[in-house]
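First up is the structure itself, then whatever we jot down about it.
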Number of protein chains: 2
Amino acid sequence: MTAQSDEAGRVVRGRATLKDVAHRAGVSVPTVSRVIAGNYPVATATRRRVEKALRELDYVANTHARALRGHGARTVAFVLNDVRGPSFAQVAHGIEEEASRRGRLCLVCVSGGDPGRELDAVHAMRQQGAEAVILIGGVKDDEPYRRQMSAIAQSLDQSGSRLVLCGRPSLGESVPATVVQYDNEEGAYAITGRLLAAGHRRVLLFGGDAALTTTAQRIAGYRRALKDFGAAFDDSLIEKAAFDRGKAYVAMRERLGRARDFTAVFALTDAVAAGALRALTEAGLAVPEDVSLVGFDDVPPAEDLRPRLTTVHVPYEEMGRAAVRLALDRREGTTTGAEQRIVLGTHVVVRDSVARPPTVG
Amino acid sequence: MTAQSDEAGRVVRGRATLKDVAHRAGVSVPTVSRVIAGNYPVATATRRRVEKALRELDYVANTHARALRGHGARTVAFVLNDVRGPSFAQVAHGIEEEASRRGRLCLVCVSGGDPGRELDAVHAMRQQGAEAVILIGGVKDDEPYRRQMSAIAQSLDQSGSRLVLCGRPSLGESVPATVVQYDNEEGAYAITGRLLAAGHRRVLLFGGDAALTTTAQRIAGYRRALKDFGAAFDDSLIEKAAFDRGKAYVAMRERLGRARDFTAVFALTDAVAAGALRALTEAGLAVPEDVSLVGFDDVPPAEDLRPRLTTVHVPYEEMGRAAVRLALDRREGTTTGAEQRIVLGTHVVVRDSVARPPTVG
DNA sequence: CTGAAAGCGCTAACAT
DNA sequence: ATGTTAGCGCTTTCAG
């Protein structure tokens, strides 16, 4: 069974093709094709012979030939910064589940947050004729980016594919893309509100790559909450630190070394919260007794922090599923042109990391 | 620029092809192909015209046609249980990095641990003509599995592709597959040794899907350590609990409800350790003062547990890179036939979750 | 019910 | 330097 050969005894190198199978079964190529497709009458005896040959030669169809002939390749493609980030991983999972439910294969690329690599990836996916190209996560939303992305959206739309922006801002209503968002600003507003309602007035906004769109939105929610609760906005309470755990740890340690001029910390992501928590605890500060702490994302590790982290739940997995669903349904509807947008809700998950501020003196 | 049209003014639907470009530039199809490939002399004036047409029509090559014609599709495919698991995510990251470094695209499928879905995925990847098909993570190593996988390995090898088993046992030296492993048993031996060296004699082996190959290997290491340290093996200290955090939490809570007949816990994965830690802490037991705890995997969240988890580091990311590297290098060498195996080292990462057992009385 | 012919988009020989 | 021809593996007419 291992060394395959046709009826003449010749060993077939590489994959067996329809021709090989036809040869061996003593029929023509289209007949084999029909047996496989099963959508056309074939005499039972013939079918049996063909099926036997198919098995004996271990035939596997060539997707490329199929894609070339007919309805393209049934694949969905996505690009993300890093699969190791729990939030990205959740989106990826949602995409994969929904795609495979619909009989699609997934193409994946990591960009490491580099716009250039992202563009390369999109290009490769375009070559593959992916039915949808999903871009995941915040971006530096500048002019070149918008221009290039809009052009890509146009091209994809033109060729019957679809650009999906997932957790990333719209490019404008006239750009033919699907946008899947979550109410980032509202989530930040709600969780800042929790802190303020507990009596905190000096809330350190901590971490976050200032260039990213998601950061800006979260900061906006924070500021709006401050205003609504009548708390003063203090620029010195915006602490710029990188968007990762390790940098957050270092940054918090430094900040604590200078002064502790806050009673609560709003970490812009759960990962940043983890780093901050570590620094806080090591400095002998109890959370939440001395300092309250909240995060954003509600990724699984948030529940394992001590204390369990109060944070904002973002429906990452559902975003991934929605991205695939919208893009694919739209394609079938052959509607064309305009933007399509959906905004998913977020909500605060109350756990153990928030308390009233310590009474002074 | 958006609505594309050729020189006759006809709007081109779908992707522009070489023919469209040739038409517009007033040259033949191969000339365009040559301009793109850049490996053949083309008059400068012609080249310019072609390049212009290429741009104007927003031409993107069709990978399927290319794959059909020549050297297949340059893609690497992999299947994993769940991207959300940090260890899987690390392997995936390694694969993606190495693949994109080598100019390959990645195909990914999730199996949810279901052998049937895994088989389907492999089939789809075979159809795509992936250069390597990488299967990640432990399996239920029974006869049907071995038979099917061996057949798949043969078929892939035959068609110039390669099956890679990553963190999964060999199928035998005669099966043409690449096996990337880590010294699982040794890691378990080493970390159990730590516990025993600290004076523990009753070490609860906790969690782990008994059917999985990885579990069996870790248990073997545990038993060997017990023997070498002269500690008795006690079957009642093997606690079967599911391979995830939530189930581990429940199981540990139940066990503690019955009796506490151990002074240390060896959790078979870090995730299980997290669940166990939670139950332990809630039961008023201090770790490591009352009970020592170790894990396995050294995934990022392990460092955020309180206390920081002592565990076994597994080079997951490197495994992913090695999988791609070995499979691709081998292909180029056109060696054929036999198995190729590599075993990566593990080591204990000492953190804060192990202490001497409490002195009785 | 089955075969012959055409063609998807591309590239590599083979002519000019 | 460029065009013509052929064919990768498959499916879909169109004839019988």
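Note on naming: letters A, B, ... go to the chains in the order of the sequence lines (proteins, then strands), and numbering restarts at 1 for each one. Side chains are part of it too, since the values below use all heavy atoms of this structure and drop only hydrogens, waters and symmetry mates.
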Contacts of B:Arg117 that satisfy salt bridge (Lys or Arg N to Asp or Glu O under 4.0 Å) - sequence neighbours left out: A:Glu97

CD of A:Gln127 versus P of C:dG9: gap in Å, rounded? 15 Å

For B:Gln128 and D:dG9, give me the distance from atom CD to atom P, rounded to whole Å. 16 Å

Exercise: identify the closest heavy-atom pair between A:Ser159 and B:Arg15: CB-CG, 3.3 Å

Could you state the CG-P distance from A:Leu18 to C:dC8, rounded to the nearest angstrom? 19 Å

Rounded to whole Å, CG of B:Leu57 lies from P of C:dG9 at a distance of 14 Å

What residues form a side-chain contact (heavy atoms from CB on, under 4.5 Å) with B:Glu51, not counting sequence neighbours? B:Val35, B:Arg47, B:Arg55

Looking at C:dC10, I'd like to know if its phosphate oxygens (OP1 or OP2) sit under 4.0 Å from a side-chain N or O belonging to B:Ser33. no

Note down the inter-axis angle between the two ends of the helix from C:dC1-D:dG16 to C:dT16-D:dA1, five pairs each, to the nearest 10°. 50°

D:dC8 P sits how many Å from B:His71 NE2, rounded? 17 Å

Applying side-chain contact (heavy atoms from CB on, under 4.5 Å), name anything that partners B:Ser33, two or more places apart in sequence or on another chain. B:Leu18

Strictly by side-chain hydrogen bond (donor to acceptor under 3.5 Å, both in side chains), give each pair with a member in residues 118-131 of chain B just once, sequence neighbours left out. A:Asp58-B:Arg126, B:Arg104-B:Glu131, B:Glu118-B:Arg168, B:Glu131-B:Arg331

Round to the nearest Å and state the distance from B:Lys19 atom NZ to C:dT11 atom P. 15 Å

Once salt bridge (Lys or Arg N to Asp or Glu O under 4.0 Å) is applied, do any residues pair with A:Arg147, and if so which ones, sequence neighbours excluded? none

Taking N or O atoms only and anything under 3.5 Å, show me the protein contacts with nucleotides 2-4 of chain C, one pair per line.
{"residue": "C:dT2", "atom": "OP1", "partner": "A:Thr46", "partner atom": "OG1", "Å": "2.4"}
{"residue": "C:dT2", "atom": "OP2", "partner": "A:Ala43", "partner atom": "N", "Å": "2.6"}
{"residue": "C:dG3", "atom": "OP2", "partner": "A:Ser28", "partner atom": "N", "Å": "3.0"}
{"residue": "C:dG3", "atom": "OP2", "partner": "A:Ser28", "partner atom": "OG", "Å": "3.0"}
{"residue": "C:dG3", "atom": "OP2", "partner": "A:Thr31", "partner atom": "OG1", "Å": "2.7"}
{"residue": "C:dG3", "atom": "N7", "partner": "A:Arg34", "partner atom": "NH1", "Å": "3.2"}
{"residue": "C:dG3", "atom": "O6", "partner": "A:Arg34", "partner atom": "NH2", "Å": "2.5"}

Give me the residues of residues 62-70 of chain A where at least one heavy atom lies under 4.0 Å from an atom of DNA chain C, by number, or none. A:Leu68, A:Arg69

Just how far, in rounded Å, is C1' of C:dC8 from CZ of B:Arg15? 12 Å

Per-pair distances, 0.1 Å, donor-acceptor, side chain in residues 75-83 of chain B, under 3.5 Å, sequence neighbours excluded:
{"residue": "B:Asn81", "atom": "OD1", "partner": "B:Ser111", "partner atom": "OG", "Å": "3.3"}
{"residue": "B:Asn81", "atom": "OD1", "partner": "B:Gly113", "partner atom": "N", "Å": "3.3"}
{"residue": "B:Asp82", "atom": "OD1", "partner": "B:Arg84", "partner atom": "N", "Å": "2.7"}
{"residue": "B:Asp82", "atom": "OD1", "partner": "B:Arg84", "partner atom": "NE", "Å": "3.0"}
{"residue": "B:Asp82", "atom": "OD2", "partner": "B:Arg84", "partner atom": "NE", "Å": "3.2"}
{"residue": "B:Asp82", "atom": "OD2", "partner": "B:Arg84", "partner atom": "NH2", "Å": "2.8"}

By salt bridge (Lys or Arg N to Asp or Glu O under 4.0 Å) - contacts of B:Lys140 (at least two apart): B:Asp142

For B:Arg49, which residues count as a side-chain contact (heavy atoms from CB on, under 4.5 Å) partner, sequence neighbours excluded? B:Val27, B:Thr46

With no hydrogens and no angle check, is any side-chain donor or acceptor of B:Arg34 less than 3.5 Å from a backbone partner on B:Val42? no

Salt bridge (Lys or Arg N to Asp or Glu O under 4.0 Å) with A:Arg341: which residues, sequence neighbours excluded? A:Glu339

